J.: 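Let me give you the structure first, and then I'll get to my questions.
Nothing fancy with the numbering, it's 1 onward along the sequence. No experiment lies behind these values; they were computed from the predicted model shown.
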Amino acid sequence: MEGLDLDVLDRFLADRVPDYAGGLRAELVSGGRSNLTYTLTDGVSTWILRRPPLGVLTPSAHDMAREFRVVEALHGHGVPVAPPVALADADVLGVPFAVVGFVDGVVIRSEEDLDPLSDADVRRCADGLVDTLAALHAVDPAAVGLADFGRPEGYLGRQVRRWYGQWERVRTRDLPDVEALHARLEAACPAESGAAIVHGDFRIDNTILDPADPARVRAVVDWEMATLGDPLADLALHVVYGDREFGAVLGGSAASTSPRIPGADALVERYARASGREITDLGFHLGLAYFKIAVIAEGIHERHLRGDTRGDGFSTVGAATAPLAAAGLTTLGGTR
């Protein structure tokens, strides 16, 4: 299978998983937008393997050890995550990868996936997601061994610089709104509102939900961007994923953009109540979130042009970069 050597993996799991039955089989779950995700099974147990995408990678992205460390730290500490199994460096498969236990449940990716739910259940689901985000931000990093997981002081300024650096590496064309948004963010960067473990990519399809109760999150997944930082940046990103333009980044339909999901004001109000945090400088945080998503869209588009994506739906992603940047400028207010 492309991206995996099953014979090597078979030996790797045999050395690390009690009662491993052998005869490993794998199936690609998703590939190309972010890390590649596979299901693995020996016919008795099932696991999830995550590895970086194919092709040339941007520096600091797709850090498997970082992703595994935060999952291992949070497991059993009030935030639902998959059980950690094993981490490997590049000596095994040529790239680092992480294996976690399979969590059975529902992943709602598209607007159509929301159709079986009543409007009341969609609202409950949205509330459950926000409550889970607030619970993550309530975890004391030092209490779970993550005191050194990041540098929360200066986090916002580093985010602005980091994502502009990513833009310079992946850009495929000149987009004035991206440059203007970066300049506005750089000029308006506030002090951090606080410090917490931040997921960095929190949205409905990065969670596994209980099929019997969509308000209950069984696991939060895709921790590759986690660090210590300003929790309001996490909240803002969750809100901005509701923009209709984001649908193109996920192939044309994203559950987070559904008009059935409560709007930004309701999500922010719910978070404020659940977290007890004061919501400050929200316009900046929303603008930064738009900037980040615009750069991510361009990075996916650039990988698609190189032929390093796998699966369908990538031809539309590049069309989202400019509108997302424009929305970020609008969110910051003033003239563009």
J.: Side chains of Pro262 and Glu269: closer than 4.5 Å at any heavy-atom pair?
T.: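 A side-chain contact is absent here, since even the closest heavy-atom pair is not under 4.5 Å.
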
J.: Does Thr330 use its side chain to pair, donor to acceptor, with the backbone of Ala326 at less than 3.5 Å?
T.: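 Yes; at least one donor-acceptor contact below 3.5 Å.
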
J.: Does Glu111 come within less than 4.0 Å of Arg244, counting only side-chain N to carboxylate O?
T.: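 Here Glu111 pairs with Arg244 in a salt bridge, since their nearest N and O are under 4.0 Å apart.
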
J.: Taking side-chain hydrogen bond (donor to acceptor under 3.5 Å, both in side chains) as the definition, give me every residue that meets it alongside Asp213, ordered by chain and number, with sequence neighbours left out.
T.: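 So Asp213 forms a side-chain hydrogen bond (donor to acceptor under 3.5 Å, both in side chains) with Arg124.
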
J.: Tell me whether Arg109 is salt-bridged to Asp205, with the criterion being a basic N under 4.0 Å from an acidic carboxylate O.
T.: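 Looking at Asp205 together with Arg109, the answer is no, because their closest N to O distance does not fall below 4.0 Å.
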
J.: For the side chain of Thr207 and the backbone of Ile204, is there at least one donor-acceptor N/O pair under 3.5 Å apart?
T.: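 Yes, because the side chain of Thr207 sits within donor-acceptor range (under 3.5 Å) of the backbone of Ile204.
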
J.: Report yes if some heavy atom in the side chain of Pro80 is under 4.5 Å from a heavy atom in the side chain of Thr132; otherwise report no.
T.: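 Yes, side chains in contact.
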
J.: For Trp163 and Met225, work out which heavy atoms get closest and say how close.
T.: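 Result for this residue pair: CH2-CE, 3.9 Å.
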
J.: Does the pair His75 and Glu72 meet the rule for a side chain to side chain contact (heavy atoms under 4.5 Å, CB included), with working shown?
T.: CA-CA 5 Å; His75 188 245; Glu72 190 171 42; 6.0 Å; no

J.: Within a strict 4.5 Å, meaning less than it, do heavy atoms of the Arg69 and Leu146 side chains meet?
T.: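 Arg69 vs Leu146: side chains touch.
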
J.: Rounded at 0.5 Å granularity, tell me how far CG in Asp42 sits from CG in Asp10.
T.: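 The CG atom of Asp10 is 9.0 Å from CG of Asp42, to the nearest 0.5 Å.
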
J.: Quick one: closest heavy-atom pair of Leu114 and Ala255, and the distance?
T.: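 Smallest heavy-atom distance, with atoms named: CD1-O, 3.8 Å.
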
J.: Assess Arg66 against Phe149: is NZ or CZ under 6.0 Å from the centre of the six-membered ring, and within 45 degrees of the ring's axis?
T.: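 Yes.
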
J.: Begin from the C-alpha positions of Phe202 and Leu237 and carry the test side chain to side chain contact (heavy atoms under 4.5 Å, CB included) through to its verdict.
T.: CA-CA 7 Å; Phe202 190 86; Leu237 192 62; over 6 Å; no

J.: Taking the side chain from Thr257 and the backbone from Asp243, do they hold a donor-acceptor pair closer than 3.5 Å?
T.: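 Answer holds: no.
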
J.: Do you know which two heavy atoms are closest between Pro152 and Gly150, and how far apart they sit?
T.: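 Nearest pair, atom of Pro152 first, then Gly150: CD-O, 3.4 Å.
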
J.: With a 4.5 Å cut-off on side-chain heavy atoms, are Ile197 and Leu74 touching?
T.: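 A side-chain contact under 4.5 Å exists here.
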
J.: Under a 4.5 Å cut-off applied to non-hydrogen side-chain atoms, are Leu228 and Val198 in contact?
T.: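 With C-beta onward as the side chain, the pair stays apart.
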
J.: Between Arg50 and Glu224, does any NZ, NE, NH1 or NH2 come within less than 4.0 Å of an OD or OE carboxylate oxygen?
T.: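 Salt bridge flag = yes for Arg50 with Glu224.
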
J.: In the structure I gave you, are the side-chain heavy atoms of Leu156 and Leu288 within less than 4.5 Å of one another anywhere?
T.: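 Yes, close enough: below the 4.5 Å cut-off.
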
J.: Can you find a side-chain donor-acceptor pair between Glu298 and Thr321 that sits under 3.5 Å?
T.: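 The answer is yes; a qualifying pair exists.
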
J.: Are the side chain of His285 and the backbone N or O of Ala236 linked by a donor-acceptor pair below 3.5 Å?
T.: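 The answer is no, because no donor-acceptor pair under 3.5 Å joins these two groups.
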
J.: Taking ILVMFWY side chains as joined if any heavy atoms are under 4.5 angstrom apart, and letting links pass through other members, which residues group with Val221?
T.: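 Members alongside Val221: Val103, Val107, Ile208.
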
J.: Is a side-chain donor or acceptor of Asp234 paired with a backbone partner of Pro231 at a separation under 3.5 angstrom?
T.: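 Not confirmed, Asp234 side chain does not pair with Pro231 backbone.
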
J.: Just checking, any donor-acceptor pair under 3.5 angstrom between side chains of Glu278 and Ser193?
T.: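 Short answer, no.
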
J.: Does a side chain donor of either Arg203 or Ser256 reach within less than 3.5 Å of an acceptor in the other side chain?
T.: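 No, because no side-chain N or O of Arg203 sits under 3.5 Å from a partner of the opposite role on Ser256.
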
J.: Using atom types as modelled and distance alone, determine if a side-chain donor or acceptor of Lys292 lies under 3.5 Å from a backbone N or O of Gly200.
T.: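 Yes, Lys292 side chain to Gly200 backbone: donor-acceptor pair under 3.5 Å.
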
J.: Mark yes or no for whether Asp113, through its side chain, and Ile108, through its backbone, hold a donor-acceptor pair below 3.5 Å.
T.: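 No, the answer is negative, given that no donor and acceptor are paired below the 3.5 Å cut-off.
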
J.: Report the distance from atom CG of Leu332 to atom CG of Leu286, rounding to the nearest 0.5 Å.
T.: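 Nearest 0.5 Å value for the CG-CG distance: 8.5 Å.
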
J.: Does CG belonging to Asp119 count more than 12 external heavy atoms closer than 6.0 Å?
T.: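 Yes.
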
J.: CG/Leu9 to CH2/Trp47 distance, rounded to the nearest 0.5 angstrom?
T.: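 The distance works out to 10.5 Å.
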
J.: Determine whether the side chains of Tyr20 and Asp15 contain a donor N or O and an acceptor N or O closer than 3.5 Å.
T.: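 No, no side-chain donor-acceptor contact under 3.5 Å.
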
J.: For the backbone of Gly229 and the side chain of Thr227, can you confirm whether one donor and one acceptor N or O come within less than 3.5 Å of each other?
T.: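 Answer holds: no.
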
J.: Which atom pair, heavy atoms only, marks the closest approach of Gly78 to Ala135?
T.: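 Looking at all heavy atoms of both residues, the shortest contact is O-CB, 4.4 Å.
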
J.: Quick check: do Arg218 and Leu209 have side-chain heavy atoms less than 4.5 Å from each other?
T.: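 Of all side-chain heavy-atom pairs linking Leu209 with Arg218, none is under 4.5 Å.
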
J.: Show the numbers, then the answer: is there a side chain to side chain contact (heavy atoms under 4.5 Å, CB included) between Tyr38 and Ile48?
T.: CA-CA 6 Å; Tyr38 302 83; Ile48 296 293; over 6 Å; no

J.: Just verifying a value: how many Å separate Asp127 CG and Leu267 CG, rounded to the nearest 0.5 Å?
T.: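 Asp127 CG to Leu267 CG: 8.0 Å, rounded to 0.5 Å.
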
J.: For Leu40, is there any backbone N or O sitting under 3.5 Å from a side-chain donor or acceptor partner on Glu27?
T.: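 Pair absent, no side-chain N/O of Glu27 close to backbone of Leu40.
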
J.: Report whether Leu175 and Leu305 are members of the same hydrophobic cluster (ILVMFWY, side-chain heavy atoms less than 4.5 Å apart, transitive linking).
T.: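 No; tracing contacts between hydrophobic side chains, which count when under 4.5 Å, never links both residues.
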
J.: Is Arg270 paired with Asp265 through a side-chain N to carboxylate O contact shorter than 4.0 Å?
T.: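 So Asp265 does not pair with Arg270 through a salt bridge.
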
J.: List the steps and the verdict of side chain to side chain contact (heavy atoms under 4.5 Å, CB included) for Val122 and Ile261.
T.: CA-CA 6 Å; Val122 171; Ile261 299 282; 4.0 Å; yes

J.: What heavy-atom pair brings His77 and Val139 nearest, and what distance separates the two atoms?
T.: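 Result for this residue pair: O-CG2, 4.1 Å.
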
J.: Pick out which of Asp121, Leu129, Val106 makes a side chain to side chain contact (heavy atoms under 4.5 Å, CB included) with Pro214.
T.: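 Between Pro214 and the candidates, side chain to side chain contact (heavy atoms under 4.5 Å, CB included) is satisfied uniquely by Asp121.
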
J.: Looking only at heavy atoms, what is the nearest atom pair of Phe68 and Val85, with distance?
T.: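 Scanning both residues completely, I find the closest heavy atoms to be CE1-N, 3.7 Å.
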
J.: Taking atom CZ of Arg260 and atom CZ of Arg123, what is their separation to the nearest 0.5 Å?
T.: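 Answer for the CZ-CZ pair, Arg260 versus Arg123, is 9.0 Å.
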
J.: Do you see a donor-acceptor pair shorter than 3.5 Å between the side chains of Thr37 and Arg51?
T.: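 Side chains of Thr37 and Arg51: no pair found under 3.5 Å.
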
J.: Are the side chains of Tyr241 and Asp201 in contact, using a 4.5 Å heavy-atom criterion?
T.: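 Sidechains of Tyr241 and Asp201: in contact.
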
J.: Counting N and O atoms only, with roles assigned by atom type, does the side chain of His199 sit under 3.5 Å from a partner on the main chain of Asp222, one being a donor and the other an acceptor?
T.: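 Between the backbone of Asp222 and the side chain of His199 there is a qualifying donor-acceptor contact (under 3.5 Å).
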
J.: Which pairs of donor and acceptor atoms, one on a side chain in residues 86-97, lie under 3.5 Å apart (sequence neighbours left out)?
T.:
from	atom 1	to	atom 2	distance (Å)
Asp89	OD1	Asp91	N	3.0

J.: Going by atom types only, do Tyr164 and Glu179 share a side-chain donor-acceptor pair under 3.5 Å?
T.: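 Their side chains do contain a donor-acceptor pair, which is all the 3.5 Å distance test asks for.
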
J.: Does one side chain, of His137 or Tyr271, offer a donor that lies under 3.5 Å from an acceptor on the other?
T.: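 There is such a pair between these side chains.
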
J.: Once you round to the nearest 0.5 Å, how far does CD of Glu245 lie from CD1 of Ile293?
T.: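 So the CD of Glu245 and the CD1 of Ile293 are separated by 11.5 Å.
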
